[in-house]
*Asks:* 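Quick one: the structure is below, and I'll ask about it shortly.
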Amino acid sequence: MMKNWIIQILIILLLSAVLAVGINSIRDDGISFIGNWPSRTAEAGEMILPPSAEEGDPPFISLDEAVALYQSTDNIFIDARDPEDFEYAHIKRAINIPFDYLDEHWEQVIAEMDKTAHYVIYCSGTECESSLFLGRYFRDEDFVNSKIFYGGWGEWETNNLPIEAKSSEGENQ
């Protein structure tokens, strides 16, 4: 009796798999079985956008644009990651405004910030949307010169750009 159930389950699974493969192969937007999947990494000069980006969000910038803005001391880089991540390593000269703790500290933070200054907001990279969410806060509070570097910390560090990091002794390098 139990053996019949197992055979029936296996037949149903096999038929489901064959049907799924068949439908996938005839659809124009089917999933490729061999590579050629959409990538979340940028080609040189290409900009990465978060999946939940919407019209009206602050402008997104590429790594090249972020580097150009970094070279001008008129731009303030804001790290939206948790304080522990920021303390471990961050873009040199960046300040930390962790999005996850924003509700607790926003009134203090906004009182000390110039709404006309130029801000570049980043977080961990393509696996993190804290920069997008913090950018929306800035937009809603009328910070008119905010940009989002969605490639973030991951892209910056991968390209060996200026960072501040804790040494093994716990001091900043």
Side-chain angles (χ1 to χ4, degrees), residues 29 31 36-173:
D29 62 343
I31 300 170
N36 203 18
W37 298 300
S39 174
R40 296 285 306 251
T41 59
E43 300 296 324
E46 182 184 357
M47 186 170 16
I48 306 170
L49 295 177
S52 59
E54 300 172 350
E55 193 167 323
D57 282 338
F60 294 94
I61 61 171
S62 67
L63 175 64
D64 292 342
E65 292 170 297
V67 170
L69 292 172
Y70 178 82
Q71 291 172 342
S72 166
T73 56
D74 294 339
N75 297 286
I76 301 165
F77 276 66
I78 298 177
D79 189 322
R81 299 177 301 155
D82 288 342
E84 298 80 26
D85 295 329
F86 179 82
E87 185 66 31
Y88 180 74
H90 56 270
I91 294 175
K92 198 170 198 161
R93 299 191 324 255
I95 61 172
N96 187 221
I97 302 177
F99 175 75
D100 289 340
Y101 304 99
L102 194 58
D103 290 341
E104 302 166 24
H105 304 288
W106 182 246
E107 294 303 320
Q108 296 168 277
V109 169
I110 196 170
E112 297 181 23
M113 297 182 72
D114 179 1
K115 289 187 176 189
T116 62
H118 293 263
Y119 298 101
V120 176
I121 305 167
Y122 74 94
C123 60
S124 297
T126 58
E127 68 281 352
C128 171
E129 290 193 339
S130 293
S131 57
L132 170 61
F133 302 140
L134 185 59
R136 287 176 179 165
Y137 260 90
F138 273 56
R139 175 201 63 203
D140 294 345
E141 293 294 329
D142 298 322
F143 284 80
V144 294
N145 297 310
S146 300
K147 294 175 175 46
I148 299 171
F149 172 42
Y150 183 62
W153 170 250
E155 196 173 1
W156 190 271
E157 182 184 34
T158 299
N159 285 280
N160 297 314
L161 294 164
I163 66 168
E164 290 182 26
K166 260 190 176 178
S167 68
S168 57
E169 291 84 38
E171 299 173 8
N172 279 342
Q173 297 181 353

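Throughout, numbering of the chain's residues begins at 1 and tracks the sequence. Worth saying up front: this structure is predicted, and the values here are computed from it rather than measured.
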*Asks:* Minimum heavy-atom separation for Ile121 to Ala80, with atom names?
*Replies:*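 What the structure gives for the nearest pair is CG2-CB, 4.4 Å.
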*Asks:* Using modelled atom types and a 3.5 Å cut-off, is there a donor and acceptor pairing between side-chain atoms of Asp79 and backbone atoms of Arg81?
*Replies:*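 Flag set: sc Asp79 to bb Arg81 pair under 3.5 Å.
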*Asks:* Mind checking whether Lys115 and Phe138 have side chains closer than 4.5 Å, heavy atoms only?
*Replies:*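 No, every pair of side-chain atoms sits at 4.5 Å or beyond.
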*Asks:* With rounding to the nearest 0.5 Å, note down the distance linking OG in Ser124 to CD in Glu155.
*Replies:*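 The CD atom of Glu155 is 13.0 Å from OG of Ser124, to the nearest 0.5 Å.
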*Asks:* Heavy-atom distance under 4.5 Å between the side chains of Asp114 and Tyr119, does that happen here?
*Replies:*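 SC-SC contact between Asp114 and Tyr119 confirmed.
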*Asks:* Do Leu102 and Leu134 pass the side-chain contact (heavy atoms from CB on, under 4.5 Å) test, and can you show the C-alpha distance, the side-chain angles, and the key distance before you say yes or no?
*Replies:* CA-CA 8 Å; Leu102 194 58; Leu134 185 59; 3.7 Å; yes
*Asks:* Side chains of Tyr101 and Pro83, heavy atoms from C-beta outward: is any pair under 4.5 Å?
*Replies:*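 Yes, close enough: below the 4.5 Å cut-off.
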*Asks:* If you measure from CZ on Phe133 to OG on Ser52, what distance do you get to the nearest 0.5 Å?
*Replies:*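 Here the interatomic distance stands at 4.5 Å.
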*Asks:* Are the side chain of Trp156 and the backbone N or O of Leu63 linked by a donor-acceptor pair below 3.5 Å?
*Replies:*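 Checking the backbone N and O of Leu63 against the side chain of Trp156, no donor-acceptor pair under 3.5 Å is found.
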*Asks:* When you measure from the side chain of Arg93 to the backbone of Thr73, do you find a donor-acceptor pair of N or O atoms at a distance under 3.5 Å?
*Replies:*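 Looks like no, no N/O pair under 3.5 Å.
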*Asks:* Measure the CD1-OG distance between Ile76 and Ser146 for me, rounded to the nearest 0.5 Å.
*Replies:*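 So the CD1 of Ile76 and the OG of Ser146 are separated by 9.5 Å.
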*Asks:* Within a strict 4.5 Å, meaning less than it, do heavy atoms of the Glu141 and Ile110 side chains meet?
*Replies:*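 The answer is yes; the side chains approach within 4.5 Å.
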*Asks:* Nearest heavy-atom pair of Ala165 and Ala89: which atoms, and what distance?
*Replies:*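 What the structure gives for the nearest pair is CB-CB, 3.9 Å.
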*Asks:* Of all the heavy-atom pairs spanning Ile95 and Phe86, show the shortest one and how long it is.
*Replies:*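 Closest approach of Ile95 to Phe86, heavy atoms only: C-CE1, 3.9 Å.
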*Asks:* Hey, could you give me the CG/CZ distance between Leu132 and Phe99, rounded to the nearest 0.5 Å?
*Replies:*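 One gets 9.0 Å once the value is rounded to the nearest 0.5 Å.
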*Asks:* Looking only at atom types and distance, does a side-chain atom of Glu65 sit under 3.5 Å from a main-chain N or O of Ser62, one as donor and one as acceptor?
*Replies:*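 Present.
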*Asks:* What's the shortest heavy-atom distance between Cys128 and Cys123, and which atoms?
*Replies:*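 Result for this residue pair: SG-SG, 2.6 Å.
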*Asks:* Can you tell which of Phe149, Tyr122, Phe77 makes a ring-ring contact (aromatic ring centres under 6.0 Å, His included) with Tyr70?
*Replies:*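 Option passing the ring-ring contact (aromatic ring centres under 6.0 Å, His included) with Tyr70: Phe77.
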*Asks:* Do you know the tightest heavy-atom contact between His118 and Asn75?
*Replies:*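 Shortest heavy-atom contact: CB-OD1, 3.1 Å.
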*Asks:* Hey, are the side chains of Leu69 and Lys147 touching, using non-hydrogen atoms and a 4.5 Å cut-off?
*Replies:*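 Of all side-chain heavy-atom pairs linking Lys147 with Leu69, at least one is under 4.5 Å.
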*Asks:* To the nearest 0.5 angstrom, please state how far the NE2 atom of His90 sits from the CD atom of Glu164.
*Replies:*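 Those atoms lie 4.0 Å apart.
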*Asks:* Measure from the side-chain N and O atoms of Asp57 to the backbone N and O of Glu54, and report whether any donor-acceptor pair falls under 3.5 Å.
*Replies:*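 Yes; at least one donor-acceptor contact below 3.5 Å.
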*Asks:* Can you tell me how far the OG1 atom of Thr126 sits from the CG atom of Leu49, to the nearest 0.5 Å?
*Replies:*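 It is 11.5 Å, given to the nearest 0.5 Å.
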*Asks:* Work out which heavy atom in Ser131 is nearest to a heavy atom in Ile148; give both atom names and the distance.
*Replies:*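 Residues Ser131 and Ile148, closest heavy atoms: OG-CG2, 3.6 Å.
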*Asks:* Measure the shortest side-chain to side-chain distance between Pro50 and Phe60 over non-hydrogen atoms and say whether it is less than 4.5 angstrom.
*Replies:*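 Yes, side chains in contact.
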